[in-house]
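Inspection log for the structure reproduced underneath, given as structure tokens.
A, B, ... follow the sequence lines: proteins, then strands. Residue 1 opens every chain.
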2 protein chains.
Amino acid sequence: MNRERLKGHLDLLLLSVLTAGPAHGYSVISELRRRSEGTFDLPEGTVYPALHRLEDAGLLSSSWATADGRRRRVYALTAPGAAALAAERTEYRHFTRGIQAVLGWSA
Amino acid sequence: MNRERLKGHLDLLLLSVLTAGPAHGYSVISELRRRSEGTFDLPEGTVYPALHRLEDAGLLSSSWATADGRRRRVYALTAPGAAALAAERTEYRHFTRGIQAVLGWSA
DNA sequence: CTTGACGCCTAGTTAATCTAGGCATAGGGT
DNA sequence: ACCCTATGCCTAGATTAACTAGGCGTCAAG
């Protein structure tokens with residue numbers, strides 16, 4: 001997948017994964033890869049800064065956890081985050097409708 | 001429409017518009033706005049450089065025309081351009097399938 | 001004791017798009 | 001005459017999202 005295509009859609013993906021429940025960064029990456037069947041195999045350098053940004057924006061909250069001697073930062077969707085996700089979904093649909101209209105796809 | 005979302009999809013849109021026949025830059029912008037019902041209202045500073053890039057890549061060919069005392073550069077899809085468009089469409093579908101899979105949309 | 005999976009992080013780079021201007025013709029309004 | 005808008009083209013530089021390329025550390029397997 002051409003990376004440029006992802007731009008502007010990353011937050012949608014991250015917030016979406018976290019609707020299933022709190023998760024740490026590494027597992028978010030795995031889950032994204034698993035759900036998309038390899039289409040979205042994002043480097044850590046993409047995901048971690050994005051999670052930090054979303055937390056700074058108040059859309060996620062995080063806390064440290066330890067499992068098997070490894071420390072993890074676990075992220076959870078906040079109420080504003082859920083609202084932002086809903087907005088992202090709406091915008092995404094708007095976007096795809098626009099593309100389809102231009103392409104002449106009735107779908 | 002958040003502009004970031006467009007990134008990586010611009011070529012798809014431009015090439016798509018030109019499947020309807022040759023057109024000049026300004027009309028491509030209008031057509032994009034019309035077909036998408038205002039969703040894609042792109043600044044000239046976005047479209048003109050993109051058309052130049054596509055022409056440099058051999059996906060478009062251009063020629064000057066004059067109408068009503070105004071000069072226009074008319075762009076037409078080349079054979080490689082049509083092939084690139086087909087590839088773009090496939091990649092776009094791949095992209096949307098990935099998103100939908102992550103969002104849990106069966107669509 | 002090295003390799004790989006797990007797990008986190010960030011400084012600097014890249015590159016696509018946008019901003020903000022410039023230039024020119026035509027026509028309508030005042 | 002003058003200005004404004006629509007039409008039509010262009011580009012240098014700014015913006016900014018995502019990526020590259022590293023770093024650090026734990027643990028289990030071979």
Side-chain angles (χ1 to χ4, degrees), chain A residues 1-15 17 22-34 39-57 59-60 62-75 88 91-92 95 98-99, chain B residues 1-15 17 22-34 39-57 59-60 62-75 88 91-92 95 98-99:
Chain A
M1 172 59 50
N2 177 4
R3 298 84 100 224
E4 314 303 334
R5 288 206 137 75
L6 184 66
K7 295 201 181 197
H9 303 276
L10 180 58
D11 293 1
L12 171 63
L13 293 177
L14 297 180
L15 295 173
V17 166
H24 60 283
Y26 203 85
S27 75
V28 168
I29 293 174
S30 310
E31 182 65 7
L32 227 32
R33 184 173 46 231
R34 190 190 66 76
T39 298
F40 301 128
D41 190 6
L42 307 183
E44 301 175 6
T46 293
V47 173
Y48 289 120
L51 290 172
H52 298 164
R53 181 171 44 76
L54 292 172
E55 183 176 15
D56 287 344
L59 307 185
L60 299 179
S62 79
S63 58
W64 285 102
T66 304
D68 304 318
R70 292 188 189 95
R71 60 204 245 291
R72 298 166 165 179
R73 191 195 279 272
V74 176
Y75 292 90
E88 288 274 355
E91 268 204 64
Y92 175 72
F95 170 78
I99 297 269
Chain B
M1 170 58 52
N2 178 5
R3 299 84 97 221
E4 313 304 335
R5 287 207 139 73
L6 184 65
K7 296 202 181 196
H9 303 276
L10 179 58
D11 293 1
L12 170 63
L13 293 176
L14 297 180
L15 295 173
V17 165
H24 60 284
Y26 202 85
S27 73
V28 168
I29 292 173
S30 310
E31 182 65 7
L32 227 32
R33 184 173 45 232
R34 190 190 66 75
T39 298
F40 302 128
D41 190 6
L42 307 183
E44 302 175 5
T46 293
V47 173
Y48 288 121
L51 290 172
H52 298 163
R53 182 171 42 78
L54 291 172
E55 183 177 15
D56 288 345
L59 308 185
L60 300 178
S62 79
S63 58
W64 284 101
T66 304
D68 304 316
R70 294 188 187 93
R71 61 201 245 290
R72 298 166 167 179
R73 191 194 280 271
V74 176
Y75 292 91
E88 288 273 356
E91 269 204 65
Y92 175 73
F95 170 78
I99 297 269

Would you mind reporting whether [Y] and [X] have side-chain heavy atoms less than 4.5 Å apart?
X: B:V28; Y: B:L13; answer: no
X: A:L10; Y: A:L42; answer: yes
X: A:F40; Y: B:I99; answer: yes
X: A:R73; Y: A:E55; answer: yes

side-chain N/O [X] vs [N] OP1/OP2, d < 4.0 Å:
X: A:R53; N: D:dT16; value: no
X: B:H52; N: D:dT11; value: yes
X: A:Y48; N: C:dC8; value: yes
X: A:R71; N: C:dC6; value: no

Quick one: which of [options] gets closest to the side chain of [X]?
X: B:E4; options: D:dC19, D:dA17, C:dG7; value: D:dA17
X: A:K7; options: C:dT17, D:dA18, D:dA6; value: D:dA18
X: A:Y75; options: C:dC9, D:dC10, C:dT19; value: C:dC9
X: A:R73; options: D:dA18, C:dC9, D:dC9; value: C:dC9

Nearest-Å distance for atom pair [atom1]/[atom2], residues [X] and [N]:
X: B:L51; N: C:dC18; atom1: CG; atom2: C1'; value: 15 Å
X: B:L12; N: C:dT17; atom1: CG; atom2: P; value: 11 Å
X: A:L32; N: D:dC19; atom1: CG; atom2: P; value: 11 Å
X: B:M1; N: C:dC18; atom1: CE; atom2: C1'; value: 16 Å
X: B:H9; N: C:dA16; atom1: NE2; atom2: P; value: 13 Å
X: A:E44; N: D:dC19; atom1: CD; atom2: C1'; value: 12 Å
X: A:R72; N: C:dA5; atom1: CZ; atom2: C1'; value: 12 Å
X: A:H24; N: C:dC9; atom1: NE2; atom2: C1'; value: 15 Å

Using a 4.0 Å heavy-atom cut-off across all strands, classify B:R70 as base, sugar-phosphate, or nothing.
-> base
Give one of base, sugar-phosphate or nothing for B:G45, where a contact means two heavy atoms less than 4.0 Å apart.
-> base
Mutual orientation of the aromatic rings belonging to A:Y75 and A:H52 [parallel < 30°, tilted 30-60°, perpendicular > 60°] = tilted
Return the 5'-most residue of the pair A:W64, B:G69 with respect to DNA chain C, ranking by each residue's nearest nucleotide.
-> A:W64
